[in-house]
Protein chains: 2
Amino acid sequence: MNLHIRVFTIGTLAKAAGVSTPTIRYYEEIGLLPPAHRTAGGQRTYDDDDLGRLTFIKQCRDFGFGIDQVRVLLDLSISDSRDCTETRDIAQLHLNEVREKLSELRLLEQRLEGFVSRCNVACAGGPGQDCVIFKDMSAPAKGGCCG
Amino acid sequence: MNLHIRVFTIGTLAKAAGVSTPTIRYYEEIGLLPPAHRTAGGQRTYDDDDLGRLTFIKQCRDFGFGIDQVRVLLDLSISDSRDCTETRDIAQLHLNEVREKLSELRLLEQRLEGFVSRCNVACAGGPGQDCVIFKDMSAPAKGGCCG
DNA sequence: CGTACTCCTTCAAGTAACTTGAGGTTCAAG
DNA sequence: CTTGAACCTCAAGTTACTTGAAGGAGTACG
């Protein structure tokens, strides 16, 4: 089998994981990644383990988990003593947040849609200050939306 | 008729418009609100015009418009020489962004939903490192999602 | 061995839209 | 005149990075 060890510079690691090089340095700085090994000249080097960890972080971020949640997920993903319900609970919590955001955005979409089409029908091309959008915007949403 | 002039302190204005007092000072600092009149002692005072302008800003922000968009909308809302299609275009642009965000979030919701229910079925209570969520998370989304 | 070129280094500041905190002043009531 | 709430300014914190300046390291070519 092919057990050759890959060594990455920060740039190649960045490409492999799909993040930017400053982001990698930033993750090191805040402790998401361990301090990198260095060449004699002081440049960072990485191996496949680092790539694995970084890829995991990237996935979590893409799923919308915050940095602090990623920290916990990283711990959980290498722990054999902690319970997997913790992981599920974090995912559930995040799912709830996503759903709240979704319903806010759905309401927003409807209202903006209404603004645009009413403007097209009622006042497009007219004087700026008379636009129906300004009147529409003064009417508060039923059910509340937005932060 | 009742033409009594209302005068607000920053705190009462904040309550009336539904924003915080530091936010009002911040809006003044960045030029969204004109420099407030002051008492002899240096405290800010406001009138109904200020309340109107601040309320308008607040509405725009609630609709998710960015500060720079609010600047333009403020201009448009008091302009008689500019065309109302500008307003509609800003709303349309924002609507497009909302829709993009919506489709990202819908995909995210589905995937997170899947994570949680699969964990409940397959591994809830098991060792942290074996959670199916970690395996699921490694599978990239079809169609792409997230930033 | 020089030199050209890319990639790397650190450190500081910028981004959005505010919030929080420290330390001190003004106002209204009693 | 004193108390206490509300106000003032200025600086720093928040999130998750990005951008920029000034200079060093690594590699390929002649």
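Convention: sequence-line order gives letters A, B, ...; per-chain numbering from 1.
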So, using side chain to side chain contact (heavy atoms under 4.5 Å, CB included) as the criterion, who are the partners of [X] when residues are at least two apart?
X	answer
B:Thr9	B:Thr12
B:Asn96	B:Gln92
A:Ser117	none

Exercise. From the 5' end of DNA chain D to its 3' end, which nucleotides mark the outer limits of contact with chain B, defined by a 4.0 Å heavy-atom distance cut-off (strictly under)?
Worked result: D:dC7 to D:dT9
Problem set entry | Spatial distance of atom CZ (B:Phe56) from atom CG (B:Leu73) [nearest 0.5 Å] |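 B:Phe56 CZ to B:Leu73 CG: 5.5 Å, rounded to 0.5 Å.
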Exercise. Atom CD1 of B:Ile10 and atom CD1 of B:Ile24: how far apart are they, to the nearest 0.5 Å?
Worked result: 5.0 Å
For this session: Please list residues of residues 65-73 of chain A whose heavy atoms come under 4.0 Å from any atom in DNA chain D, ordered by number; otherwise none.
Result: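 Of all residues in residues 65-73 of chain A, the ones placing a heavy atom under 4.0 Å from DNA chain D are A:Gly66, A:Ile67.
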Exercise. Under a 4.0 Å heavy-atom cut-off, which of residues 7-30 of chain B touch DNA chain D?
Worked result: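 Output list: B:Thr9, B:Ile10, B:Gly11, B:Arg25.
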Polar atom pairs between nucleotides 26-30 of chain C and protein, under 3.5 Å, N or O only, would you list them?
residue : atom : partner : partner atom : Å
C:dT26  : O4'  : B:Gln43 : NE2          : 3.4
C:dC27  : OP1  : B:Thr39 : OG1          : 2.9
C:dC27  : OP1  : B:Gly41 : N            : 3.2

Problem set entry | B:Phe8: ring-ring contact (aromatic ring centres under 6.0 Å, His included) partners, not counting sequence neighbours |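 In terms of ring-ring contact (aromatic ring centres under 6.0 Å, His included), with neighbours along the sequence ignored, B:Phe8 is linked to no residue.
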Exercise. With B:Phe115, which residues qualify under ring-ring contact (aromatic ring centres under 6.0 Å, His included), at least two apart?
Worked result: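 B:Phe115 satisfies ring-ring contact (aromatic ring centres under 6.0 Å, His included) with A:Phe63 once adjacent residues are dropped.
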Problem set entry | Nucleic acid contacts of residues 45-54 of chain A, taken as heavy-atom distances under 4.0 Å to DNA chain C |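 Those residues: none at all.
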Exercise. What pairs of residues pass the salt bridge (charged side-chain N to carboxylate O under 4.0 Å, His left out) test when at least one of them lies in residues 8-20 of chain A, not counting sequence neighbours?
Worked result: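 Applying salt bridge (charged side-chain N to carboxylate O under 4.0 Å, His left out) to every pair that reaches into residues 8-20 of chain A, excluding sequence neighbours, yields nothing.
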Exercise. Would you say A:Arg44 reaches C:dT10's phosphate, i.e. side-chain N/O to OP1/OP2 under 4.0 Å?
Worked result: yes
Seminar exercise, completed: Residues at least two apart in sequence or cross-chain that pass side chain to side chain donor-acceptor pair (under 3.5 Å) with B:Arg99, listed by chain then number, are A:Glu109, A:Glu113
